[in-house]
Amino acid sequence: MYLNVKTNRSGLDRRTRILEEGDIVNDRRVDTPINPPIYLSTAFCVDTLDELRDLYNEKGYSYIRTRNPNRNMLAEMVSYLEGGEESLTFSSGMAAITTAITANLEQGDHILADDTLYGEAMTFIQKVLPSYGVQVSMVDFTDLETVRASIRPNTKVVYSEVVANPTIKVIDVAAVAEIAHTAGAKFIIDNTFTTSFVIQPLKLGADIVVNSLTKFANGHSDVCAGAVTSDTENIALVHARQLLVGSILDPFSAYLCQRGMRTMDVRLERQCKNAAALAEALEASPYVEKVLYPGLKSHPQKEAADKQFKGAYGAMLSFYMPEDWPAINQFMHQLRVPHYAMTLGGYRTSLSYPIMSTHPGQTKEERDAIGITEGMMRVSVGMEDTQDLVNDFLQALTVFNR
């Protein structure tokens, strides 16, 4: 049997802990691998009914949909990084979001959500939940009085992102948590854009944190995965729903994601610095109408970002160019360093055009209302040389001068 190593790591720095969390060794301490093996088996055997009973009681490994060592090792890492008691891993970020939300709602309940979310999360809340008898409201979570006024007696879930995709809006996590708890609701928050390198929402009052591990956590654009982190009671509730819908992560993806997460803090430190430099350069460009980045003085929620973030503002930004389709095409063609990609969080800088990627399911009127226009471009900033990155964007933007 393979067991988790339980040594005293409390005095170690985060950068050391991230290299050790989730390690396992043989209980005889023989032939200990430097990297964890991949457990592809769909089932684990027992010799007696007594062993089977003990396995169930100890939440051991029996069937792959129930538990798997690679998923548990990855979950242990996520729990440490997010500061939660337990975590579950999922087949995608959307699987984590939808499973966490539905596990906490019943017919007749009300969910209050931010009006700017990842497009598919927004579609799920606006169009799928009502078909199951759930009431939905979506308001601007930076307006706390509106949030407070939108709570109903049957509000069971309050849902938001720390930093909105793609408008880079920043919410006051502690303030929203207080509103939710006063109403007896659970506050579920998506930490994908920021990651635990920037903020740990559970320590600010959030009840459940969801992450698309596909993005910055894994960081190599080769895994699709998600996670839910909370206390033991909430995780048990979400796990029961996960077993029924089967939204589990496969062992090999769990292994790859854990490997990627070992370097998450090192990558994010560089990416956040690059994002800050690029945001400042874009804001100074005469061809850019507006830049959205929490580290800029011009950002509407700069004060909230300063208060909550741990000295870094993330590696995501959006900016507005003139709504000139041919010129935007030329701009993209002129770039040499970044590439267009329908994702984010990789070690290379990538672009995304929100009206065709994150929010194609919303109407033009709905997009315009939350600031997603035909001139908006979202940027996931990578680890390139800072000056190479900045210079490349600036030279490409000169197409708007022609």
Distance check, rounded to the nearest 0.5 Å: [X] atom [atom1] versus [Y] atom [atom2]?
{"X": "Leu213", "Y": "Ser92", "atom1": "CG", "atom2": "OG", "result": "10.0 Å"}
{"X": "Phe141", "Y": "Leu144", "atom1": "CZ", "atom2": "CG", "result": "9.5 Å"}
{"X": "Arg270", "Y": "Thr263", "atom1": "CZ", "atom2": "OG1", "result": "14.5 Å"}
{"X": "Asn68", "Y": "Tyr61", "atom1": "CG", "atom2": "OH", "result": "7.5 Å"}
{"X": "Thr195", "Y": "Asn191", "atom1": "OG1", "atom2": "CG", "result": "6.5 Å"}
{"X": "Ile111", "Y": "Thr102", "atom1": "CD1", "atom2": "OG1", "result": "10.0 Å"}

I'd like to know if the side chain of [X] reaches the main chain of [Y], judged simply by a donor and an acceptor atom lying under 3.5 Å from each other, with no hydrogens or angles considered.
{"X": "Tyr39", "Y": "Ile64", "result": "no"}
{"X": "Gln271", "Y": "Gly346", "result": "yes"}
{"X": "Thr155", "Y": "Ile151", "result": "no"}
{"X": "Ser380", "Y": "Thr349", "result": "no"}
{"X": "Asp207", "Y": "Ile188", "result": "no"}
{"X": "Gln242", "Y": "Thr99", "result": "no"}
{"X": "Asn274", "Y": "Gly382", "result": "yes"}
{"X": "Arg65", "Y": "Leu243", "result": "yes"}

Check whether the side chains of [X] and [Y] place a donor and an acceptor atom closer than 3.5 Å, and report yes or no.
{"X": "Asn401", "Y": "Thr398", "value": "no"}
{"X": "Asn35", "Y": "Arg259", "value": "no"}
{"X": "Ser253", "Y": "Asp250", "value": "yes"}
{"X": "Ser196", "Y": "Arg14", "value": "yes"}

Are [X] and [Y] side-chain neighbours, meaning at least one heavy-atom pair lies under 4.5 Å?
{"X": "Lys290", "Y": "Phe319", "value": "no"}
{"X": "Val163", "Y": "Tyr293", "value": "no"}
{"X": "Asn218", "Y": "Met261", "value": "no"}
{"X": "Val288", "Y": "Val291", "value": "yes"}
{"X": "Lys156", "Y": "His110", "value": "no"}
{"X": "Glu269", "Y": "Met383", "value": "no"}
{"X": "Val128", "Y": "Thr123", "value": "no"}
{"X": "Phe193", "Y": "Leu344", "value": "yes"}

Hey, mind stepping through Met77 and Arg17 against side chain to side chain contact (heavy atoms under 4.5 Å, CB included) and telling me if it holds? CA-CA 9 Å; Met77 286 187 68; Arg17 289 277 296 271; over 6 Å; no
Geometric class of the Phe400/Phe331 ring pair [parallel <30°, tilted 30-60°, perpendicular >60°]: tilted
Would you call the rings of Phe252 and Tyr255 parallel, tilted or perpendicular if under 30° counts as parallel and over 60° as perpendicular?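 Phe252 and Tyr255: parallel rings.
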Let me see the working for Asp109 and Arg152 under salt bridge (charged side-chain N to carboxylate O under 4.0 Å, His left out), right down to the final yes or no. CA-CA 9 Å; Asp109 289 343; Arg152 300 177 185 176; over 6 Å; no
Could you go step by step and tell me if Glu85 and Thr232 meet the side-chain hydrogen bond (donor to acceptor under 3.5 Å, both in side chains) rule? CA-CA 6 Å; Glu85 291 180 3; Thr232 301; 2.9 Å; yes
Walk me through whether Thr194 and Phe216 qualify under side chain to side chain contact (heavy atoms under 4.5 Å, CB included). CA-CA 9 Å; Thr194 31; Phe216 289 106; over 6 Å; no
Would one find more than 12 heavy atoms of other residues, nucleotides or ligands at under 6.0 Å from atom [atom1] of [X]?
{"X": "Tyr56", "atom1": "OH", "value": "no"}
{"X": "Lys310", "atom1": "NZ", "value": "yes"}
{"X": "Lys273", "atom1": "NZ", "value": "no"}
{"X": "Glu106", "atom1": "CD", "value": "no"}

Heavy-atom pair of closest approach, residues [X] and [Y]:
{"X": "Leu249", "Y": "Arg71", "value": "O-CD, 3.0 Å"}
{"X": "Ala180", "Y": "Val158", "value": "CB-CG2, 3.7 Å"}
{"X": "Phe393", "Y": "Val379", "value": "CZ-CG1, 4.0 Å"}
{"X": "Glu82", "Y": "Leu202", "value": "O-CD1, 3.8 Å"}
{"X": "Ser87", "Y": "Thr229", "value": "OG-OG1, 2.8 Å"}
{"X": "Tyr118", "Y": "Met94", "value": "CE2-SD, 3.9 Å"}

Pair Val209, Val228 - check side chain to side chain contact (heavy atoms under 4.5 Å, CB included), show working. CA-CA 6 Å; Val209 170; Val228 172; over 6 Å; no
If you take the centroid of each ring, where Trp contributes its six-membered ring, are His181 and Phe187 closer together than 6.0 Å?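 Centroid distance Phe187-His181: not below 6.0 Å, so no.
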Give the intermediate values and the outcome of side chain to side chain contact (heavy atoms under 4.5 Å, CB included) for residues Ile328 and Met377. CA-CA 9 Å; Ile328 293 175; Met377 189 70 73; 4.0 Å; yes
From CA spacing to verdict: side-chain hydrogen bond (donor to acceptor under 3.5 Å, both in side chains), Asn70, Gln258: CA-CA 9 Å; Asn70 294 104; Gln258 186 182 21; 5.4 Å; no
Could you go step by step and tell me if Asp172 and Lys307 meet the salt bridge (charged side-chain N to carboxylate O under 4.0 Å, His left out) rule? CA-CA 9 Å; Asp172 187 327; Lys307 180 178 72 171; 2.6 Å; yes
Test side-chain hydrogen bond (donor to acceptor under 3.5 Å, both in side chains) on Ser247 and Ser91; report intermediate values, then the result. CA-CA 6 Å; Ser247 52; Ser91 53; 5.5 Å; no
Apply salt bridge (charged side-chain N to carboxylate O under 4.0 Å, His left out) to residues Asp265 and Arg15 and explain how you reach the verdict. CA-CA 7 Å; Asp265 281 20; Arg15 293 186 180 184; 5.4 Å; no
Should Asp114 and Thr116 be marked as a side-chain hydrogen bond (donor to acceptor under 3.5 Å, both in side chains) after you check the CA-CA gap, both sets of side-chain angles, and the distance that decides it? CA-CA 5 Å; Asp114 193 5; Thr116 309; 4.9 Å; no
Can you give me every donor-acceptor pair (side chain of residues 278-286, partner residue at least two apart or in another chain, under 3.5 Å) with its distance?
residue	atom	partner	partner atom	Å
Glu283	OE2	Ser298	OG	2.5
Ser285	OG	Tyr287	N	3.2

